[in-house]
Engineer: 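Have a look at this one before I ask anything.
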Amino acid sequence: DSTLAHTDLNDPSKTKTVLFYNDVITGLKSTPKRLNSKYFYDANGDKLFQELMNSPEYYPTDCELEIFSEKTAEIADALIADGDAFDLIELGAGDATKSTYLLKYLLEKKADFTYLPIDISENVIAYLNMTLPVTLPGLQITGLNGEYFHMLTKAASISSRRKVVLFLGSNIGNMPINDAIEFCRELRKHLSPGDMALIGMDLKKDPKVVLAAYNDKEGITKRFNLNLLERINRELNSNFDVSKFEHYPTYDPETGACKSYLISTADQRVTINGKETIAFLKDEYIYMEISQKFTIMQADQIAINTGFVPVGQFFDTKKWFIDAIWVA
Ligand code: AVI
């Protein structure tokens, strides 16, 4: 019988497992089948994503790193605005490599700010709280572990200073476009006039370049996708045979949607948590992830449609990626 059926929902660690289980079951019982790419990032997934960022084909990280390293002063000066004290909040901070350029410059400029990285991973927050004050002496940091909007509310409750919110890496592209718009609207609601957002978005480009980034020769993206099935096996007592699923990435230059699927190579059954059986037909797919690519105009439109004013644009030399500054 299900161990989850008897789970104490007040136990925070179990609550996460129950939410994961419910999402997996809902997704795999849907037609067509789908899984949510936010679950890619367990410890293994984090490691695979790090590897991916170092792969020759995965360009978005390099592009945004170029922007942050080459245009640090311009970006920082735009964010400092009138020189008032502010909170620099980063949604999904990860290892904060890109923002470290900004933080270093802001410290040199003696800007009055606190860095509040928000991440869903406890490990990430513990790591940042421990390492950043060492690499960046004088940095005021308050790491917040939890969901973005919960933590934004918490950040607002501990400080009333102007807010600058970083949302980098084209993480916004991992939501279907309507969800991305809804997300920006919600973000705007959490901000006050004069607050700012710095949003990283991957731009439309040569379709071959995009597709190659999600179909790297080494097969890291494939393992990154299959890891979610392995995670379900590990955490939800399930029996996916990952050798019977193939990674299938696509890119549609018209819509800018880069999507990845796992294709079942056989008729097969998978049991989730020893209780729910999911049948797969040969060639049936699971929709795993969207990585939306945007036009520059679309970026502006999203800002305007969600209550922001676009005030700054920073590009890498190839113009493959944009970091846009929006004012609330
Ligand atoms: C985190 N996110 C912006 C990455 C992307 O490009 O969509 C995740 C990723 N998926 C496959 N490769 C990288």
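For ligands, and for the atoms within them, numbers begin at 1 and follow the listed sequence. Values in this document were obtained by computation on a predicted structure and should not be read as measured data.
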Engineer: Over 60° means perpendicular and under 30° means parallel, so classify the ring planes of Tyr248 and Tyr261, tilted if in between.
Structural biologist: tilted

Engineer: Taking only heavy atoms of Tyr41 into account, list the atoms of ligand 1 that are under 4.0 Å away from them.
Structural biologist: 1 (C), 8 (C)

Engineer: Using only atom types and a distance under 3.5 Å, with no angle test, would you say the side chain of Glu246 pairs donor to acceptor with the backbone of Ile263?
Structural biologist: no

Engineer: OG of Ser264 to OH of Tyr285: how many Å apart, nearest 0.5 Å?
Structural biologist: 13.5 Å

Engineer: With atoms numbered from 1 as shown, which atoms in ligand 1 lie under 4.0 angstrom from a non-hydrogen atom of Ser291?
Structural biologist: 5 (C), 6 (O), 7 (O)

Engineer: Could you tell me if Tyr115 and Gln140 have a donor-acceptor pair between their side chains, going purely by distance under 3.5 Å?
Structural biologist: no

Engineer: Got the closest protein heavy atom to atom 4 (C) of ligand 1, with its distance?
Structural biologist: Tyr58 OH, 3.3 Å

Engineer: Please say whether Asn174 places an N or O atom under 3.5 Å from an N or O atom belonging to ligand 1.
Structural biologist: yes

Engineer: Does some non-hydrogen atom of Ser170 fall short of 4.0 Å from ligand 1?
Structural biologist: yes

Engineer: Hydrogens and angles aside, do Glu51 and Ser55 bring a side-chain donor and acceptor to less than 3.5 Å of each other?
Structural biologist: no

Engineer: Considering both backbone and side-chain atoms of Lys293, is one of its nitrogen or oxygen atoms within less than 3.5 Å of a nitrogen or oxygen in ligand 1?
Structural biologist: no

Engineer: Among side-chain atoms of Asn174 and Glu289, is any donor-acceptor pair under 3.5 angstrom?
Structural biologist: yes

Engineer: Tell me the contacting part of Asp202 for ligand 1: side chain, backbone, both, or neither, using a 4.0 Å heavy-atom threshold, strictly below.
Structural biologist: neither

Engineer: Considering only heavy atoms of Glu289, which atoms of ligand 1 have at least one such atom less than 4.0 Å away?
Structural biologist: 7 (O), 8 (C), 9 (C), 10 (N), 11 (C)

Engineer: Applying a 4.0 Å heavy-atom criterion (strictly less than), which segment of Phe40 is in contact with ligand 1: side chain, backbone, both, or neither?
Structural biologist: neither

Engineer: Is a side-chain donor-acceptor pair under 3.5 Å present for Asn225 with Ser260?
Structural biologist: yes

Engineer: Please find out if less than 6.0 Å separates the ring center of Phe245 from that of Phe240.
Structural biologist: yes

Engineer: Which protein non-hydrogen atom lies closest to atom 12 (N) of ligand 1, naming both residue and atom, and how far is it?
Structural biologist: Leu52 CD2, 3.3 Å

Engineer: Give the atoms of ligand 1, by number and element, whose distance to some non-hydrogen atom of Gly169 is under 4.0 Å.
Structural biologist: 3 (C)

Engineer: With atoms numbered from 1 as shown, which atoms in ligand 1 lie under 4.0 angstrom from a non-hydrogen atom of Phe49?
Structural biologist: 1 (C), 4 (C), 8 (C), 13 (C)

